[in-house]
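Excluded from the calculations below are hydrogen atoms, water molecules and symmetry mates; all remaining heavy atoms, backbone and side chain alike, are included.
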Amino acid sequence: MSRILKTSGFLGLATMMVVGLYQYTLLESGGVPSWLVGGHAHLGVLSILAVVMGFAVDAFALTGRLRAAVSGLFVVGQWLLPLTIWVGVGLGLFFLVPTTFLWGLCLIVSMLIMAWQAWVSEPTTPGGMPGPASPADD
């Protein structure tokens with residue numbers, strides 16, 4: 001499941017970069033709508049967090065339903081929050097806009113599960129990853 005988080009994060013960053021280039025072309029021809037900027041910013045930040053969450057899920061060795069809940073809720077929130085802004089405001093489907101609260105709640109629950117996990121357990125060192133840093137000789 002952490003693979004899903006990491007993949008979703010990198011895919012989201014690539015998507016955010018494409019949207020950024022599109023915004024640049026709009027800027028050159030007159031202006032960028034605020035709803036496009038808002039979705040772009042949300043997707044960028046949430047995609048970075050998805051990559052970080054992927055490593056955190058591994059580090060805290062989440063398993064089973066907790067792992068599935070953290071990954072699933074975060075990926076749903078990561079994508080549907082900015083997409084709801086783009087589709088809801090951009091296409092005039094304003095009835096969708098209130099669902100951003102639901103997608104935000106998905107993100108919050110995912111983070112609260114991770115906060116609980118951080119409180120009750122020590123991070124582990126997943127296989128193949130180096131242990132704690134040691135002082136450098138330089």
- Message: Walk me through whether Y22 and V32 qualify under side chain to side chain contact (heavy atoms under 4.5 Å, CB included).
- Response: CA-CA 9 Å; Y22 176 64; V32 180; over 6 Å; no
For residues [X] and [Y], determine if any side-chain heavy atom of one lies less than 4.5 Å from a side-chain heavy atom of the other.
{"X": "Q23", "Y": "V19", "result": "yes"}
{"X": "V75", "Y": "C106", "result": "no"}
{"X": "W35", "Y": "V97", "result": "no"}
{"X": "L5", "Y": "V51", "result": "no"}

- More than 12 heavy atoms of other residues, nucleotides or ligands under 6.0 Å from CD of E28: is that the case?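 Enclosed: over 12 neighbouring heavy atoms sit under 6.0 Å from CD of E28.
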- Message: Measuring from atom CD1 of I113 to atom CG of L62, what distance do you get when rounded to the nearest 0.5 angstrom?
- Response: 8.0 Å
- How far does CG of L13 sit from CG of L43, to the nearest 0.5 angstrom? 7.5 Å
- Can you list the steps and then say if K6 with M53 is a side chain to side chain contact (heavy atoms under 4.5 Å, CB included)? CA-CA 8 Å; K6 293 171 196 168; M53 286 286 281; over 6 Å; no
- Task: Report the C-alpha distance between L46 and L107 in whole Å, list the side-chain angles of each, state the deciding distance to 0.1 Å, and finish with yes or no for side chain to side chain contact (heavy atoms under 4.5 Å, CB included).
- Result: CA-CA 9 Å; L46 292 172; L107 294 164; 3.8 Å; yes
- Message: One thing to verify: whether R67 and D58 come together as a salt bridge, which I'm taking to mean a side-chain N less than 4.0 angstrom from a carboxylate O.
- Response: yes
So, the side chain of [X] versus the backbone of [Y]: is there a donor-acceptor pair under 3.5 Å, distance only?
{"X": "S71", "Y": "A68", "value": "no"}
{"X": "T7", "Y": "I4", "value": "no"}
{"X": "H40", "Y": "M16", "value": "yes"}

- Look at the side-chain heavy atoms of Ile, Leu, Val, Met, Phe, Trp and Tyr, link any pair under 4.5 Å apart, and say whether L26 and V87 land in one connected group. no
- Would you kindly confirm whether I85 and L91 end up in one hydrophobic cluster when ILVMFWY residues are joined by side chain heavy atoms under 4.5 Å apart?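 Per the 4.5 Å side-chain linkage, I85 and L91 are not co-clustered.
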- For T99, all residues meeting side-chain hydrogen bond (donor to acceptor under 3.5 Å, both in side chains), sequence neighbours excluded: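 side-chain hydrogen bond (donor to acceptor under 3.5 Å, both in side chains) check on T99 returns W103.
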- Query: For S47, which residues count as a side-chain hydrogen bond (donor to acceptor under 3.5 Å, both in side chains) partner, sequence neighbours excluded?
  - Reply: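 Per chain and number, S47 pairs via side-chain hydrogen bond (donor to acceptor under 3.5 Å, both in side chains) with Q78.
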- Query: Can you name the side chain to side chain contact (heavy atoms under 4.5 Å, CB included) partners of S121, sequence neighbours left out?
  - Reply: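 By the side chain to side chain contact (heavy atoms under 4.5 Å, CB included) rule, S121 matches F60, Q117.
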- Task: Take F95 and L93, measure what side chain to side chain contact (heavy atoms under 4.5 Å, CB included) needs, and give me the verdict at the end.
- Result: CA-CA 6 Å; F95 67 92; L93 302 173; 3.8 Å; yes
